[in-house]
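Model, not experiment: these values are computed from the prediction. So you know, we letter chains A, B, ... as the sequences are listed, proteins then strands, and number each from 1.
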Amino acid sequence: MQLIRNIIIIALLSFLLQLVFPWWIICLAGFVVGYFGAEKPWQAFVAGFCAVFLVWFGYAFYIDHNNNHLLSSKIIQLFQLPNSLSIILISAMVGGLACGLAALTGRLLKNIA
Amino acid sequence: MLAKEFYFQNKVIKVKHISFFLSLIVTATLVYILNHPLGPAPALGRFLSPFDGFWQNAENEKGFKDETFSFPDLKDKVSVVFDERLVPHIFAQNNEDLFYMQGYITAKYRLWQMDIQTQNAAGRVSEVVGDKALDNDRLQRRIGLQFGAEKAEEFINQDPESKAILTAYCKGINAYIKSLSPKDYPLEYKLLGYAPEEWKPIKVALLLKNMANMLSVYEFDIENTNFIQKYGEKEFQHLYADVDDFKDFIIPSKTPFDFKAEEGFARTTDKPIRDKSEVITAKDQPVYESYNNVLKKPDEITGSNNWAVSGSKTKSGKPLLCNDPHLELNLPSIWYEMHLVSPTINVYGATLPGAPCVISGFNDSIAWGVTNAGRDVRDWFAIKFKDGKQDEYMVDGQWEKTIKRVEHIYMKNGKEFLDTVLYTRYGPIVFDKTFRNAKGKQLLALKWTAHQPSNEFKTFYLMNQGKNYDDYRNALKNYTCPSQNFVFASRSNDIAIVEQGKHPNVSSEITDGTNSKNDWTAYVPSEHNPSVKNPERGFVSSANQFPVDAAYPYPISKVGVYENFRSIRINRMLSDTNKMDLGYMQKMHSDNYNIFAEMILPTLLKLEKGKETAEQTQLLEFLAGWNFRNDADKKEPVIFEEWANAFNDLLWDEMMDPNLPMKRPNSYLTANFLKSDSTSIFYDNLQTGEHETRDMLVSISFQKAAAKLKEKYGSFDKIPDWGTYKATSVMHLAKLDPLSKLNVYCGGNRGIINASSDRHGPSWRMIVDFGDMKGYCVYPGGESGNPGSKFYDNLVEKWSKGEYFEANFSSDIETVKRKALFTNQFNNK
C-alpha cells in the first residue's frame, strides 16, 4: 500500500513541478519522497520509476493521440525506431529511470542520516 | 549475510555510506548525460520529456480556438483571422501595428527558418552546428554579405518611413521571441540544442542580401578569362555569344528606345583591358592556375515565369496576371502566404519570412510578380600588392592601403575563429592563401552591387499600396539587387514589365585593378532599364530569357545563363488565343511541353547512325514517337534526359577540368550549337585517343545512355515513368529526410513552364484575375513551419496536381471571418 501511495505522491508532485521547472525536477520529487516515504531502497526505486513512467507515458500518449501520430512518426524515423509506441515507451523509461535512481538515492541517504 | 562494515587504513567504512554515494554518482551522471547533447543527438532527457521536449511541438489537431491577448506595444486593436489553410488575415488600424503584427505572426509560425537563413547569410552557422560549417561561414563573410547588410541597414535608417516600418516589424518578432520558454521553442532548436536570439533590424537586411546571393551570382569573369586564355577570343564568341534566331525577348523585338546609353558603357564591348594589362596575363602567356578559385554557381539559372495579359485578349475584357518563382523546394517553404489590411493597405500574397511586406502579390487595384533577371552585376579586379604583407596595392601608379576586416566566427563549443579579410576600393579579396589556397601572382577583389547601400524593401512597401502604373514605376526606383523582371497589371487595364535593378558597366572578364579607369564608372539610369507598357501583342512575359534585342542602347553580356526555352513556349501559348481565362492560365502553369527536346531530339535522332541492337532500335523508335511532353506518367522523358545528359557531358568534357574552371554552355546554347556546327574541335573527347566527330558523339552518347538505363533497370521495359524517375523532393532546410516530403509525383522539368525538377520548381504559383478581382495561389509547403503541425506540408499534394486555392481577399473582416478556423484578438491594453 505504501508503494502505491508513494507512486501517487511522486506522480502528482512531479507533474506539478514540471509545469514550471525543467524535466530534471522529477529527480527532486523522487529524492524527497524516497527519503521520507519509502520502506526499503528497492521500493523507493520502483516507486520513482513507476510514477514518472506513468506520468510521461500517459502525457506523451495523450499528446500523440491528439496529434494523430504526426510528429512521433517523423521522430521515430530520425531515431530509427519501429513505431510511435516505441518512442512513447522510450521517453517514459528515460524519465522513469532518472526519477527511480533519484528516489533510491534519497532512500539511501536516510540510512546514513 | 554481507558485512555491514569493514576496515580500510584503520578507519571504519560502512556499506550504507558506499551505497549512498554510488547511487548519488550514478544518478547525477545519468541526469548530466540526459541533459547534454550526445554527438549529433539532442539531450535525451530534455528532448523526450513530454513537458518540455519535442512532444510539446506535436500540435493538437483539433486545438484551434479564438483567443484574446494584451499587447501594450500596439497603438490600437489588431485582429488576426486564420482561415482553413492557416493563412493569417491581419486587420490593423494603422501601418505600424500592421507590420508589428506581420512580424509577430510570421515569427510564431516560421521562427527557426527566419533565424537559420539569416545566420547562414551572416556566416554564423558554426555557432549552431560546429566546425563542419566553418568553410561555409568563412565564404559567406568573405564575399561580403554582412558587409553589404551593414550598409543597407544604415541606408534604410535614413528613410524615416522605412525605419518606422522596419522597427515595428522587428519589435513584433521580438515580442514573440520574448514570450517563449524553452518548451515552446520550434522543434529544430530542440534537435540542434540552441535557443533563438533577439531579432535585430540588420537581419532583415541580411535576408535581402541572402536573396541577392541566391539570384545575382550569374557572372563568369574568371571562367571566361580561363576559356579565352585557352581557346581564344574567336571560339569564345562562337560558343557563348553568337547570335541565333531567338526572337522571344522580354521586350518585344523592334520596340523603339528613345534614349542613348550613358557615357562609360562602351567599355563593356571594348576588349583591350586584358591585352594591355600587366596583371592579367595575356593570351600568349597563359597562367591558368591563377584562376582556379571560383564561386559555385548553378549551371542553369534559378528561374521563374511571369506574364500579364491585357483585357483585349481575355474573355472578361480585364487583365490576367501570373507568377511562379522557381526556387529550391524547401520545408519550411521560402514563402509565407499572408493578407495584410490597414486603412491604406489591402494586400495579399507571398511574403518572405523575416522581411516586411508582400513580395509577389496583389491588392484591389494592381498585381505584380517577379522573375530573376540574371544580369551580371559582379566583377573581379586583379590586384597588384606591393609585397607579401598585402598592406598596400597599386592603383594608377600609387600605393593604396588595404583595409583589414577581422571576422569573428564562433563555434558551437564557444571557441572563436578569427578570419582576416582584405578589402580594397573594389571590395573584398575572397580567395587568398588562407582560404581555399589561392595561389598565383595576383589575387582578385570582388565588386558586387549587393555590397552597396540599398532599400529594396521600400519597393515592396510602396508596391503593396500602389494604385496604378505610375505608382508601380515609382516603387521600382528604389530597387537595386538582385535584378528582377517585375510584371504588372492593373484593374484599369494596363499591363507592363520592367527589368529592374542597378546595372553597372560591368566587364565579362577579369578586370585590371591597377587602373582606376577600369572601375565601374556608370550605372544604367533606372528609367533606361528595359521596359514595355501595353505592347501591341496584348501580353508581356518573362522567363529568364535574354531581355532585349540589339536595338537596346546598352550592352548586355550574353555570357550567362539566360534560359530561352520557357519564354518560347509561354509566348507561343499566349499568342495562340484571344479568349484567355483562369482555366487557360492554370493550364499554362502546369504545361509540360519540352522546347529543349523539340529543338534537339530530331537532330539527335537524325544523326544517330550507330550499330544498335534490335532492342536499342526499339528504344529509339519509341522515343521518336514522343510528343515532347514531360508528363509524370510518360517514359520517353527518362530516355531523353539520360541521352541529353550523356551527350552534354561528352561534348563539354573540355570544361570539366577542376583546376581550370570554365562555364559549360547551357542547354539552349548546346541545342543551337549541335544544329549549326558540325565540325567543332569540342566534339573531340579528350579522354580517348580517337578523334571523335559530331555523328560519333551522338552515337556514343546514345550507347552510354542505353547502357546506363539497362544496368539501372535490368531491361528497357522496366524504365520507370518520368514522375517516379525525377522524384521531386521538398527538403527540410536541415536536410533531414523524415522532416521532408520526398518523391512528390509530378511532371515538368527545368526548361519547361512547369519547372519542377528534382530539387527546384515553382515555389509559389499565383494567378490574379481582374475580371472578377480574384486571386488564386498554391505553394509546395504549408503555412506552419512546425513539422508537428498538420499545416506543415498540407499544400504539397494540391500543388503537385496543379490545383489552386482561392485567396480569401476582402478588406471586410466579417467576410473573411466566415471561413475562419480561429481568430486572435490583440488589445493594446
Side-chain angles (χ1 to χ4, degrees), chain A residues 14-15 17-27 30-31 41 44-45 52 55-80 87-88 90-95 97-113, chain B residues 4 14-35 40-63 181-183 187 190-191 732 734 736-741 786-794:
Chain A
S14 72
F15 182 87
L17 285 171
Q18 281 182 95
L19 296 177
V20 187
F21 296 100
W23 73 277
W24 44 257
I25 202 71
I26 55 173
C27 295
F31 185 86
F45 177 82
V52 169
V55 170
W56 280 29
F57 184 91
Y59 193 21
F61 190 90
Y62 169 79
I63 289 173
D64 191 45
H65 174 77
N66 282 336
N67 181 241
N68 204 12
H69 319 296
L70 194 66
L71 185 57
S72 60
S73 65
K74 291 172 180 165
I75 299 294
I76 56 169
Q77 289 177 57
L78 281 177
F79 287 87
Q80 295 174 351
I87 189 84
I88 299 177
I90 289 173
S91 299
M93 272 159 65
V94 164
L97 195 63
C99 182
L101 283 168
L104 175 68
T105 309
R107 177 63 186 79
L108 292 174
L109 178 66
K110 200 178 179 185
N111 278 355
I112 58 175
Chain B
K4 288 201 169 151
K14 291 186 175 163
V15 168
K16 60 186 184 184
H17 284 125
I18 297 178
S19 325
F20 166 70
F21 282 111
L22 265 180
S23 175
L24 182 66
I25 287 164
V26 170
T27 310
T29 312
L30 182 77
V31 172
Y32 181 86
I33 291 172
L34 292 177
N35 207 39
L44 283 179
R46 245 189 295 166
F47 188 74
L48 295 175
S49 160
F51 291 84
D52 36 18
F54 84 88
W55 293 106
Q56 284 290 322
N57 302 83
E59 276 178 14
N60 185 340
E61 294 217 319
K62 296 181 197 78
S181 67
K183 77 176 168 63
L187 179 72
K190 295 179 183 176
L191 274 170
H732 182 261
L736 298 169
D737 282 358
L739 307 185
S740 309
K741 196 101 177 161
N786 177 14
S789 163
K790 66 174 171 182
F791 295 106
Y792 175 64
D793 55 10
N794 58 322

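Proximity to chain B is absent for every atom of F45(A), based on heavy atoms less than 4.5 angstrom apart. With a threshold of 4.5 angstrom between heavy atoms, I75(A) approaches chain B through side-chain atoms but not through N, CA, C or O. For I88(A), the parts sitting under 4.5 Å from any heavy atom of chain B are the backbone and the side chain alike. Residue I26(A): no heavy atom, backbone or side chain, is found under 4.5 Å from chain B. Within the 4.5 angstrom heavy-atom criterion, only side-chain atoms of D52(B), from C-beta onward, approach chain A. Of the atoms belonging to W24(A), it is side-chain heavy atoms, and not backbone ones, that fall under 4.5 Å from chain B. At a 4.5 Å heavy-atom cutoff, the contact between L34(B) and chain A is made by backbone and side-chain atoms alike.
With 3.5 Å as the limit, one finds no donor-acceptor pair spanning the side chains of W55(B) and D64(A).
The most heavy-atom pairs under 4.5 Å with chain A, out of S23(B), S19(B), P787(B), G788(B), come from S23(B). Ranked by non-hydrogen atom pairs under 4.5 Å with chain A, the options T27(B), V31(B), L191(B) are led by T27(B).
Atom CZ of F61(A) has 12 or fewer heavy atoms from other residues, nucleotides or ligands within 6.0 Å. More than 12 non-hydrogen atoms from other residues, nucleotides or ligands lie less than 6.0 angstrom from CZ of F79(A).
Using a 30° and 60° split on the angle between ring planes, F51(B) and F15(A) fall in the perpendicular class, above 60°.
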Side chain to side chain contact (heavy atoms under 4.5 Å, CB included) between V26(B) and T105(A): does it pass, once the steps are laid out? CA-CA 9 Å; V26(B) 170; T105(A) 309; over 6 Å; no
